[in-house]
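Letters A, B, ... are given to chains in the order of the sequence lines, protein chains preceding strands, and every chain is numbered from 1. Predicted model only: the values in this text are computed from it and were never measured.
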Number of protein chains: 2
Amino acid sequence: MVVDRNATVAVHLVVLTVLDDELVALVLIEGRNRLVLPGGPVLDDEDLLGAAERELWDLTGLEASRVHVEQLATYGLPPRVTVAYLAVVPGAAAELITDTDGAADADDVVDEYDDDGGADDEAPEAEWLPVDELLSSPDSLAFDHHRILGDGVERARCKLEYSPLATAFCPDEFTIGDLRRVYQAVWDTALDPRNFHRKVSGTADFLVETGRITAGESGRPARLYRRGDVDRLHPSLQRPG
Amino acid sequence: MVVDRNATVAVHLVVLTVLDDELVALVLIEGRNRLVLPGGPVLDDEDLLGAAERELWDLTGLEASRVHVEQLATYGLPPRVTVAYLAVVPGAAAELITDTDGAADADDVVDEYDDDGGADDEAPEAEWLPVDELLSSPDSLAFDHHRILGDGVERARCKLEYSPLATAFCPDEFTIGDLRRVYQAVWDTALDPRNFHRKVSGTADFLVETGRITAGESGRPARLYRRGDVDRLHPSLQRPG
DNA sequence: GCAAAAGTGTTTAGCTTACACCCATGT
DNA sequence: ACATGGGTGTAAGCTAAACACTTTTGC
């Protein structure tokens with residue numbers, strides 16, 4: 001009965017956001033059509049969540065306080081174990097990366113991915129890719145990252161029903177229409193705007209009014225809300241289908 | 001940026017069952033009122049789930065095929081990481097342990113718990129203790145095992161709503177009354193027997209009739225059911241309150 | 001017969017759904 | 001004026017809670 005004392009613990013991230021009404025995930029392109037989820041080893045002075053938050057900061061520059069991060073599951077066969085985290089970032093913040101990415105200062109986006117194959121010193125490029133495309137082709141992602149992404153997306157889809165997770169896709173202040181478009185993108189389904197409005201504004205402490213309203217957009221101005229202080233929705237929303 | 005290559009990966013178990021209409025968890029008594037959850041290191045030739053199932057077999061003699069085991073979460077600060085699993089066993093199978101335990105052949109119940117403190121060669125004694133007592137006194141369990149137990153119980157309580165997990169508390173064949181008593185014990189709430197009966201028998205593929213009925217008990221004989229082949233209940237049950 | 005548990009029927013209240021309708025802005 | 005999205009009202013249909021009632025056993 002030999003105890004394994006040589007385990008390597010890494011973290012990987014499923015980073016989700018909504019861009020142009022589409023659910024997208026952050027993936028690294030390591031050349032030759034090789035896609036992986038961002039991640040890396042846990043350092044000596046970190047706990048698991050801290051390592052996940054550091055990786056996320058390296059990639060997006062987002063402070064942990066502004067991002068929803070939760071543990072997903074742990075995968076792999078010792079001595080190689082990876083703890084996967086789900087991160088949800090606002091679409092507005094995510095667009096910054098895509099922009100600067102195109103502007104050729106993507107060299108900040110470095111990943112110390114601990115790889116079996118021959119990892120060279122090339123910094124992989126980070127990109128937002130649609131989740132449905134990634135999930136519909138099982139070989140798009142290397143290792144077991146397809147499964148991890150699937151688990152992360154599944155978690156997000158479920159948690160929209162009974163938790164205020166959808167607000168993590170939105171900026172600090174958002175309209176009920178913004179929130180509805182998040183639900184529609186994540187669930188990949190159409191929702192009746194009128195019933196959705198009544199539903200979420202009737203769910204206790206889900207949303208708090210800021211008093212401000214939007215301006216300059218097409219249509220009637222909408223009230224702006226901030227996320228309320230609950231981690232459980234009562235009553236919960238129901239996914240159609 | 002030093003990579004930690006000396007991590008120790010262990011598994012721990014939240015083992016739940018229902019005895020005498022009460023939700024109980026399996027804990028090890030290590031003397032001096034020191035209670036811990038069962039667990040131990042992952043061996044060289046095991047994956048994580050395999051290690052959890054082996055620990056469970058060591059404690060209860062239950063084959064993995066007869067027990068529901070699912071991953072809960074991963075805790076701890078590297079280089080010491082523990083992957084917690086939730087196990088649900090039928091009350092009937094669980095009573096065997098408690099019985100043989102009292103009959104003084106508990107020496108089978110050995111655990112290789114990897115401990116910081118001075119672990120001697122005394123085999124800890126395993127016992128079923130009520131979950132509400134364990135959870136209401138935060139210092140009853142050592143390390144972070146109180147938190148792990150809480151997470152496991154919370155997971156079980158949630159999954160009763162939308163999954164057939166409750167059948168894992170029951171023997172192969174059970175009545176709807178048996179199932180209701182599981183729900184009542186786990187949720188610690190009273191349920192209307194008539195509405196519960198209609199609800200579960202109307203949930204598609206939750207239960208399949210065996211054709212057999214109970215005999216020799218007080219009251220009208222009840223139909224015996226086996227668990228159906230679904231992992232999602234439609235529609236889901238709702239917890240009162 | 002009586003107690004106990006299984007199982008069915010019925011009523012009522014609440015909730016969801018679909019959609020008619022009005023509101024307030026940009027163009 | 002008209003398009004666009006925000007927001008409210010309402011009726012039909014479905015679901016769940018409460019409980020009266022019948023069934024079938026053990027004692």
Side-chain angles (χ1 to χ4, degrees), chain A residues 18 20-21 91 160-162 166 170-171 173-185 187 189-204 206-226 233-241, chain B residues 18 20-21 160-162 166 170-171 173-185 187 189-204 206-226 232-241:
Chain A
V18 172
D20 296 326
D21 295 339
L160 286 208
E161 294 193 36
Y162 59 86
C170 297
E173 298 194 359
F174 53 89
T175 69
I176 291 185
D178 295 335
L179 191 67
R180 177 172 47 81
R181 281 180 283 275
V182 166
Y183 274 90
Q184 292 181 153
W187 283 349
T189 184
L191 297 171
D192 184 296
R194 290 122 355 156
N195 291 333
F196 182 84
H197 188 285
R198 194 196 343 266
K199 197 74 201 286
V200 297
S201 51
T203 298
F206 188 7
L207 305 177
V208 290
E209 279 196 60
T210 64
R212 278 184 287 283
I213 58 170
T214 59
E217 291 174 59
S218 146
R220 171 176 169 178
R223 297 199 260 257
L224 284 165
Y225 294 84
R226 199 188 305 277
L233 301 186
H234 295 290
S236 58
L237 281 72
Q238 210 161 332
R239 182 157 32 157
Chain B
V18 171
D20 297 326
D21 294 341
L160 286 208
E161 294 193 36
Y162 59 87
C170 297
E173 298 194 0
F174 54 90
T175 69
I176 291 185
D178 295 335
L179 192 65
R180 177 171 47 81
R181 280 180 283 276
V182 166
Y183 273 90
Q184 292 181 150
W187 284 348
T189 185
L191 296 171
D192 184 296
R194 295 140 322 172
N195 291 334
F196 181 84
H197 188 285
R198 192 194 345 265
K199 198 73 200 283
V200 297
S201 51
T203 298
F206 188 9
L207 306 177
V208 290
E209 280 195 58
T210 65
R212 277 183 289 283
I213 57 170
T214 58
E217 292 175 56
S218 150
R220 170 176 168 177
R223 297 198 260 256
L224 283 165
Y225 294 84
R226 199 188 306 275
R232 229 61 201 189
L233 301 185
H234 296 288
S236 58
L237 280 73
Q238 211 161 332
R239 181 154 36 156

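Between the A:Y183 side chain and the A:A166 main chain, no donor and acceptor come within less than 3.5 Å of each other. For A:T210 (side chain) and A:R226 (main-chain N/O), no donor-acceptor pair under 3.5 Å exists by modelled atom type. Counting only distance, with no hydrogens or angles, the side chain of A:T203 and the backbone of A:L233 share no donor-acceptor pair below 3.5 Å. A donor-acceptor pair is defined here as one N or O able to donate and one able to accept, closer than 3.5 Å; such a pair exists between the side chain of B:Q184 and the backbone of B:L191.
In this structure, B:R198 reaches the bases: a heavy-atom distance under 4.0 Å links it to at least one base atom across the strands shown.
With rounding to whole Å, A:F196 atom CZ is found 16 Å from D:dG5 atom P. A straight line from CG of A:N195 to C1' of D:dG6 spans 14 Å, rounded to a whole angstrom. A:D178 places its CG atom 12 Å from the C1' atom of D:dG6, with the value rounded to the nearest Å. Rounded to a whole Å, the CZ atom of B:R194 is 10 Å from the C1' atom of D:dA17. Across the protein-nucleic acid pair, B:H197 atom NE2 and D:dC19 atom C1' stand 17 Å apart, rounded to whole Å. Rounded to a whole Å, the CG atom of B:L237 is 14 Å from the P atom of D:dT15.
For the residue pair B:A190 and B:P240, the shortest heavy atom distance occurs at O-CG, 4.5 Å. Here the closest heavy-atom approach between residue A:K199 and residue A:S236 is recorded as NZ-O, 3.3 Å. In terms of heavy atoms, A:I213 sits closest to A:R223 at CG2-CA, 3.9 Å.
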With the criterion being N/O to N/O and under 3.5 Å, what pairs connect the protein with nucleotides 24-27 of chain D, and how long is each?
| residue | atom | partner | partner atom | Å |
| --- | --- | --- | --- | --- |
| D:dT24 | O2 | B:R220 | N | 3.3 |

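Counted within 6.0 Å of CD on A:Q238, heavy atoms from surrounding residues, nucleotides or ligands total 12 or fewer; the atom is thus considered open.
Taking 4.0 Å as the cutoff to heavy atoms of chain A, we find the contact window on DNA chain C bounded by C:dT16 to C:dG26.
When each of B:A222 and A:K199 is assigned the nucleotide of DNA chain C with its nearest heavy atom, B:A222 is the one assigned upstream, toward the 5' end.
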Query - Worked verdict on A:D178 versus A:Y225 for side-chain contact (heavy atoms from CB on, under 4.5 Å) - result: CA-CA 10 Å; A:D178 295 335; A:Y225 294 84; over 6 Å; no
